[in-house]
Amino acid sequence: MLARERADEQRTRIAHSRALDPLEPRARPSSKSCPQSRILAMAPGEKIKAKIKKNLPVTGPQAPTIKELMRWYCLNTNTHGCRRIVVSRGRLRRLLWIGFTLTAVALILWQCALLVFSFYTVSVSIKVHFRKLDFPAVTICNINPYKYSAVRHLLADLEQETREALKSLYGFPESRKRRDAESWSSVLEGMQPRFSHRIPLLIFDQYEKGKARDFFTGRKRKVDGRIIHKASNVMHIESKQVVGFQLCSNDTSDCATYTFSSGINAIQEWYKLHYMNIMAQVPLEKKINMSYSAEELLVTCFFDGVSCDARNFTLFHHPMHGNCYTFNNRENETILSTSMGGSEYGLQVILYINEEEYNPFLVSSTGAKVIIHRQDEYPFVEDVGTEIETAMVTSIGMHLTESFKLSEPYSQCTEDGSDVPIRNIYNAAYSLQICLHSCFQTKMVEKCGCAQYGQPLPPKANYCNYQQHPNWMYCYYQLHRAFVQEELGCQSVCKEACSFKEWTLTTSLAQWPSVVSEKWLLPVLTWDQGRQINKKLNKTDLAKLLIFYKDLNQRSIMESPANSIEMLLSNFGGQLGLWMSCSVVCVIEIIEVFFIDFFSIIARRQWQKAKEWWARKQAPPCPEAPHSPQGQDNPALDIDNDLPTFNSALHLPPALGTQVPGTPPPKYNTLRLERAFSNQLTDTQMLDEL
């Protein structure tokens, strides 16, 4: 009480002395209290507004702090768990409700993740329906690409060296007539081997590693580089001798030797490489003339009980199979269809194989190849062709299966190949095989400078040959090995087609013609073909082919999404209602509070800090207060224009302990007996009342 009375007396005395002497200079605020002086200098209306904003708390989305925002949300949301966290009494209950709420949120996230994953699954439905079916395109090729009599002059040197290699390896000449072999051997003795010098045929002995014997010279030579066995990745020699050949690059510094488990395979592969090099330099028109015409290949034709002929077939030239002919091609005006199932309502053809015109080193079997495909699909005869035997009737029954797959995001298939970064060099619709072969052919042109003979030519490219590309064989083998081992990236880039047709084939064979029927059948066929051939037909020169639908049941395999968007949203709503008693409006509320208001509070705080920093930087410095000659300055004695209040008094800075007021203390005994001023002024009286 005594200290309070002393402070009141001191404050009353200073205020009364300043009121009596208006000319006395007052202490100005220091530079540290400059912002507070600006606030006090505001207009009364703005000052009241600022005090209201400062003292009254703001709730709801405009709450100044994140804690107040979360409290407002928990008290006003429809999710009961969040509300119970705030209104529950006791720490244990609050902890339990926090645990229940977090568990419910975790279960919702888990269940919703499962629903999203199930949305990208598909359900497969199979439909079988009976209707009139379109007949597929049928491409037929002779296994022997070119007539031997037409290409013999181009392959004469190659065949001479091949026969000499057989004689050196097995000790006998492989010729149709011994006198021809003897004449060839005499010619070969006086000439330098051209093909074996470029790609030497070698014999490897398991007892002499790193050395091999040359086929033609008989000399042993050192073998450098890699030895690659064509039957496996690692060279396993079971016999005493294996046959192979060596391929080198231009500078002969990098070589690879390819060995085979059988001399037959080695010689056929060696012969095929030289054969492709020779035929790559022959013009296309000349190759078409050297192959079989439609009238020569097709003897008789029937379709759906109606006679047909060579005019119903379209020429398709394949580099390795010569002239092939396609029935019911897309170039026809109308696509043919079959009205019934069974062999009587399909395609029936008799083919003239002409075994005497076969190349003995290029092919070792007799017959034809047939492939069934769509009208806009490229016939890959060498990949999926079915072989037809001579002196036999081959019956092929078909079942049509049509598949439809869903594209992204359900699978990685493509609709038409437009999203695959591989140029289609085939004049046909997109397929996985077309993409793979196009990718390999493109890589071949890029790395080797020429195209492989067995595939179509890319734009502005030529087929490989010795004259322009001396080391193309080595480059081809290296590239093909990398392609098989999936090092070129073609398998990862190419995609499967989303829709395709597939014919399931059932093949059966029977001897044709029979012993009793060939006596009249062969003379009749010879007479029919008398204008095309000048010899008597033998049954080993003929083959019969039947292609038909076993029934008209078409099976369609279709993929459909397991869940739709409506079902997914419905499942989301069920999970939210089950675990959080929440609806779509509640989800929108969560998004608003936790994503909009939450970040707006943070942004507003940062903006206010930036404004204050900019204001302090741009504001002029406050003038310093002049030094008061009366005693020492005491910040506690600074009196504002407004009357002090309880709140403002609490914010006053405390007096420094080392500073002593310059005015001497009053005589307290005198103040108790009598007052210094009997008549107080109005403002000092109000100050005493406060």
Side-chain angles (χ1 to χ4, degrees), residues 135 138-150 176 291-313 315 322-328 336 338-360 363-372 385-398 505-550:
F135 202 77
V138 180
T139 299
I140 303 173
C141 306
N142 198 323
I143 292 181
N144 184 55
Y146 303 104
K147 290 181 284 188
Y148 185 68
S149 59
R176 298 184 180 183
S291 186
Y292 300 90
S293 63
E295 290 77 11
E296 291 175 338
L297 182 64
L298 304 169
V299 180
T300 62
C301 175
F302 277 91
F303 176 74
D304 202 8
V306 180
S307 178
C308 55
D309 54 20
R311 293 173 295 181
N312 299 103
F313 290 80
L315 173 64
N323 290 347
C324 302
Y325 297 93
T326 304
F327 176 78
N328 196 25
L336 302 177
T338 180
S339 56
M340 292 288 292
S343 60
E344 297 295 329
Y345 300 94
L347 177 65
Q348 304 180 23
V349 293
I350 296 177
L351 305 176
Y352 177 55
I353 302 302
N354 195 6
E355 185 180 2
E356 290 185 357
E357 289 286 353
Y358 269 47
N359 189 325
V363 292
S364 57
S365 59
T366 305
K369 274 194 173 184
V370 59
I371 179 174
I372 299 171
T386 302
E387 293 189 353
I388 303 171
E389 298 184 23
T390 58
M392 304 288 287
V393 54
T394 305
S395 298
I396 301 178
M398 302 182 299
L505 306 181
T506 303
T507 305
S508 60
L509 300 174
Q511 185 178 356
W512 180 89
S514 62
V515 177
V516 295
S517 62
E518 67 176 318
K519 296 180 181 180
W520 69 268
L521 187 60
L522 293 179
V524 173
L525 293 177
T526 302
W527 183 83
D528 290 340
Q529 292 293 103
R531 289 172 292 182
Q532 301 294 335
I533 58 176
N534 297 319
K535 72 169 188 175
K536 185 179 178 180
L537 291 178
N538 192 343
K539 66 178 183 180
T540 57
D541 293 330
L542 301 174
K544 188 174 182 179
L545 175 65
L546 302 178
I547 301 176
F548 55 91
Y549 279 112
K550 300 182 69 174

Next on the checklist: Which residues pass the side-chain hydrogen bond (donor to acceptor under 3.5 Å, both in side chains) test with Asn323, not counting sequence neighbours?
Outcome noted: His317
Item to check | Criterion side chain to side chain contact (heavy atoms under 4.5 Å, CB included) on Leu347 and Phe548, from CA distance to verdict | outcome: CA-CA 6 Å; Leu347 177 65; Phe548 55 91; over 6 Å; no
Checklist entry - Looking only at heavy atoms, what is the nearest atom pair of Leu537 and Thr526, with distance? => result N-OG1, 3.2 Å
Next on the checklist: Is it the case that over 12 heavy atoms from other parts of the model lie below 6.0 angstrom from the NZ atom of Lys550?
Outcome noted: no
Checklist outcome for this item: Heavy atoms of Val299 and Leu351 approach each other most closely as CG2-C, 4.2 Å
Checklist entry - Is there any side-chain hydrogen bond (donor to acceptor under 3.5 Å, both in side chains) pair reaching into residues 300-311, and which pairs are they, with sequence neighbours excluded? => result Asp309-Arg311
Checklist entry - Between Lys544 and Ile388, which heavy-atom pair has the shortest distance, and what is it? => result O-CG2, 4.3 Å
Item to check | Residue pair Thr394 / Glu389, side-chain donor-acceptor N/O under 3.5 Å | outcome: no
Item to check | Distance, nearest 0.5 Å, that separates SG of Cys308 from CD of Gln348 | outcome: 9.5 Å
Checklist outcome for this item: Residues at least two apart in sequence or cross-chain that pass ring-ring contact (aromatic ring centres under 6.0 Å, His included) with Phe327, listed by chain then number, are Phe303, Phe313
Next on the checklist: Checking the side chain of Asn144 only, and the main-chain atoms of Asn359 only, is there a donor and an acceptor separated by less than 3.5 Å?
Outcome noted: yes
Donor-acceptor contacts under 3.5 Å from residues 517-525 side chains, at least two apart:
unit_1: Ser517; atom_1: OG; unit_2: Ser514; atom_2: N; d: 3.1
unit_1: Ser517; atom_1: OG; unit_2: Ser514; atom_2: O; d: 3.3
unit_1: Ser517; atom_1: OG; unit_2: Ser514; atom_2: OG; d: 2.7
unit_1: Trp520; atom_1: NE1; unit_2: Ser517; atom_2: O; d: 3.4

Next on the checklist: Walk me through whether Thr139 and Val370 qualify under side chain to side chain contact (heavy atoms under 4.5 Å, CB included).
Outcome noted: CA-CA 6 Å; Thr139 299; Val370 59; over 6 Å; no
Checklist outcome for this item: Across all chains, not counting sequence neighbours, the side-chain hydrogen bond (donor to acceptor under 3.5 Å, both in side chains) partners of Ser395 are none
Item to check | Criterion side chain to side chain contact (heavy atoms under 4.5 Å, CB included) against Leu545, the qualifying member of Ile350, Ile396, Val393 | outcome: Ile396
Checklist entry - Within the side chain of Glu357, is there an N or O that forms a donor-acceptor pair under 3.5 Å with the backbone of Ser149? => result yes
Checklist entry - Side chains of Tyr358 and Asn142: do they bring a donor and an acceptor to under 3.5 Å? => result yes
Checklist entry - Looking at residues at least two apart in the chain, or sitting in another chain, which of them share a salt bridge (Lys or Arg N to Asp or Glu O under 4.0 Å) with Lys147? => result Glu296
Checklist outcome for this item: By side-chain hydrogen bond (donor to acceptor under 3.5 Å, both in side chains), Thr506 pairs with (sequence neighbours left out) none
Checklist entry - Taking atom CG of Leu542 and atom CG of Asn354, what is their separation to the nearest 0.5 Å? => result 10.0 Å
Checklist outcome for this item: Value for CG (Asn328) from CD1 (Ile372), rounded to nearest 0.5 Å, stands at 12.0 Å
Item to check | Sequence-distant partners of Tyr345, side-chain hydrogen bond (donor to acceptor under 3.5 Å, both in side chains), two or more places apart | outcome: none
Item to check | Close side-chain approach of Leu315 and Tyr325, heavy atoms under 4.5 Å | outcome: yes
Checklist entry - Taking only residues two or more places apart in sequence, or in another chain, which ones meet Thr390 in a side chain to side chain contact (heavy atoms under 4.5 Å, CB included)? => result Ile353, Thr366
Next on the checklist: What verdict does the side chain to side chain contact (heavy atoms under 4.5 Å, CB included) test give for Ser365 and Ile143, after you've listed the backbone C-alpha separation in whole Å, the side-chain angles of each residue and the deciding distance to 0.1 Å?
Outcome noted: CA-CA 8 Å; Ser365 59; Ile143 292 181; 3.9 Å; yes
Next on the checklist: So, taking the atom named CD in Gln511 and the one named CE in Met392, what distance separates them when rounded to the nearest 0.5 Å?
Outcome noted: 7.0 Å
